Enquirer: 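Right, I'll just put the structure down here and ask away after.
Please read all numbers here as calculations on a predicted model, not as lab measurements. The chain is numbered in sequence order, starting from 1. All values below were derived from every heavy atom in this structure, side-chain atoms included, with hydrogens, water molecules and symmetry-related copies excluded.
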Amino acid sequence: MLNRYARAFFSRVMTPIARGLLRAGVSPDVITLLGTLGVCVGALVFFPRGEFFWGSFFITWFVFSDMIDGTMARLSGRSSVWGAWLDSCTDRVGDAAIFAGILLWWVGDGDNPLLAGLALYGLVAGSVVSYVKARAEGLGMRADVGVMERSDRLVTILVATGLDGLGVPWIHTVALWLVAVGATVTVVQRALLVRRQALARADATPSGGQGAGSPRTGTPAGPGA
């Protein structure tokens, strides 16, 4: 949901930066890879040591590269299937690193098996949310609904983790629960939407025929949001 309302605003903010980088000869792919590297470094260096505020602060700066590279590609007219694929794949890497860093803290010095389990669940559930959408699109259907898409999960966990680093009690626990429940509900919402489309397609297919979008033969697309 946040993705729908915030992307237009941040696109306007990032446009001057994107223009400057293009004038300097920087490729959108370089920004994508550097952004992912920064997120991974921040998550896997700061979070396992319990430095939640500085880790979140560090990561947030690199998360913005996700909007800068897309703006650069649009301004340069170099938007491509390759760029979309690279962006989606690196998003998954960065998201996994964030939850892995949190997980390492709670199984280590944080010593809280419940929160460690929630962090692990958040890592896995986020990947499932993306895969459900990607698989649906690969079969010619849509699965772009959900109460907690990638942007929602990212903002929730980074804000809460940063505030936890400032000493705000319970907020990290609440955020991990929100992500776990929200991602689960999103998977169910997307599954129900795909099921409705699949049943409608089956009803429209002549008896004995097999449409091009057979659920056993379709080719999955790249990861979605």
Enquirer: Would you say the side chains of Asp29 and Trp82 form a donor-acceptor pair under 3.5 Å?
Expert: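 Their side chains do contain a donor-acceptor pair, which is all the 3.5 Å distance test asks for.
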Enquirer: Might you point out which heavy atoms bring Ala136 and Val194 nearest each other, and give the distance in Å?
Expert: CB-CG2, 3.6 Å
Enquirer: Indicate if Val147 and Trp177 have the same hydrophobic cluster label, given that clusters are the connected sets of ILVMFWY residues with side-chain heavy-atom separations under 4.5 angstrom.
Expert: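 As far as the 4.5 Å side-chain criterion goes, Trp177 and Val147 are connected within one cluster.
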Enquirer: Side chains of Asp111 and Trp106: does their closest heavy-atom pair fall under 4.5 Å?
Expert: no
Enquirer: Measuring only between side-chain heavy atoms, which start at C-beta, is Leu103 closer than 4.5 Å to Phe47?
Expert: no
Enquirer: Would Ile171 and Val168 count as a side chain to side chain contact (heavy atoms under 4.5 Å, CB included) here? Give the steps.
Expert: CA-CA 6 Å; Ile171 192 166; Val168 178; 4.0 Å; yes
Enquirer: Between Arg92 and Ser127, is there a donor-acceptor pair closer than 3.5 Å when you use the side chain of the first and the backbone of the second?
Expert: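 Checking the backbone N and O of Ser127 against the side chain of Arg92, no donor-acceptor pair under 3.5 Å is found.
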Enquirer: Donor-acceptor pair, distance only, cut-off 3.5 Å: does the side chain of Gln197 make one with the backbone of Arg142?
Expert: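 Yes, the answer is positive, given that a donor and an acceptor are paired below the 3.5 Å cut-off.
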Enquirer: Taking all heavy atoms of Leu176 and all of Phe99, pick out the closest pair and write down the distance.
Expert: CD2-CE2, 4.5 Å
Enquirer: Working to the nearest 0.5 Å, report the span between CG of Leu123 and CD1 of Ile157.
Expert: 11.0 Å
Enquirer: A side-chain contact here means heavy atoms from C-beta on lying under 4.5 Å apart; do Val26 and Leu22 qualify?
Expert: no
Enquirer: How long is the gap from CG on Leu166 to OG1 on Thr161, to the nearest 0.5 Å?
Expert: 11.5 Å
Enquirer: Side-chain donor-acceptor contacts of residues 55-64 below 3.5 Å, not counting sequence neighbours, with atom names and distances?
Expert:
residue : atom : partner : partner atom : Å
Ser56   : OG   : Phe52   : O            : 2.9
Ser56   : OG   : Leu158  : O            : 3.3
Ser56   : OG   : Gly162  : N            : 3.2
Thr60   : OG1  : Ser56   : O            : 2.7

Enquirer: Would you mind reporting whether Leu192 and Val145 have side-chain heavy atoms less than 4.5 Å apart?
Expert: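 With C-beta onward as the side chain, the pair stays apart.
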Enquirer: Please determine whether the number of non-hydrogen atoms from other residues, nucleotides or ligands lying under 6.0 Å from atom CZ of Arg195 exceeds 12.
Expert: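 Atom CZ in Arg195 is not packed in, count stays at 12 or less.
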Enquirer: Between Lys133 and Asp144, does any side-chain N to carboxylate O distance fall below 4.0 Å?
Expert: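 Salt bridge absent between Lys133 and Asp144.
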Enquirer: Measure the spacing between OG1 of Thr173 and CG of Leu114 and express it to the nearest 0.5 Å.
Expert: 7.5 Å
Enquirer: Quick check: does any side chain N or O of Thr156 sit under 3.5 Å from a backbone N or O of Arg153, one acting as donor and the other as acceptor?
Expert: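 No.
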Enquirer: Say you draw a straight line from CZ of Arg201 to CG of Leu139; how long is it, rounded to the nearest 0.5 Å?
Expert: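 With rounding to 0.5 Å, CZ (Arg201) is 7.0 Å from CG (Leu139).
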Enquirer: Consider only side-chain heavy atoms of I, L, V, M, F, W and Y, link residues closer than 4.5 Å, and tell whether Trp54 and Leu154 are in one cluster.
Expert: yes
Enquirer: Supply the atom-to-atom distance Ile102 CD1 to Phe46 CZ, rounded to the nearest 0.5 angstrom.
Expert: 14.0 Å
Enquirer: Run the side chain to side chain contact (heavy atoms under 4.5 Å, CB included) check on Trp170 and Asp164 step by step: do they pass?
Expert: CA-CA 8 Å; Trp170 296 106; Asp164 181 86; over 6 Å; no
Enquirer: Specify the closest pair of heavy atoms between Ala100 and Leu44, including all atoms of both residues, with the distance to one decimal.
Expert: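 Nearest heavy atoms, Ala100 then Leu44: CB-CD2, 4.3 Å.
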Enquirer: Which pair of non-hydrogen atoms, one from Ala191 and one from Val132, has the smallest distance, and what is that distance?
Expert: N-CG1, 4.5 Å
Enquirer: Is there a side-chain contact between Ser27 and Ile31, using heavy atoms and a 4.5 Å cut-off?
Expert: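 In short, these two side chains do not touch, never coming nearer than 4.5 Å.
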Enquirer: Are Glu149 and Val129 side-chain neighbours, meaning at least one heavy-atom pair lies under 4.5 Å?
Expert: no
Enquirer: Say whether, by atom type as modelled, one donor and one acceptor occur between the side chain of Thr186 and the main chain of Met148 under 3.5 angstrom.
Expert: yes
Enquirer: If you round to the nearest 0.5 Å, how far is CG of Asp95 from OG of Ser130?
Expert: 7.0 Å
Enquirer: Test of understanding: clusters of I, L, V, M, F, W, Y form through side-chain heavy atoms closer than 4.5 Å, transitively. Do Val174 and Val181 belong to the same one?
Expert: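 Different hydrophobic clusters.
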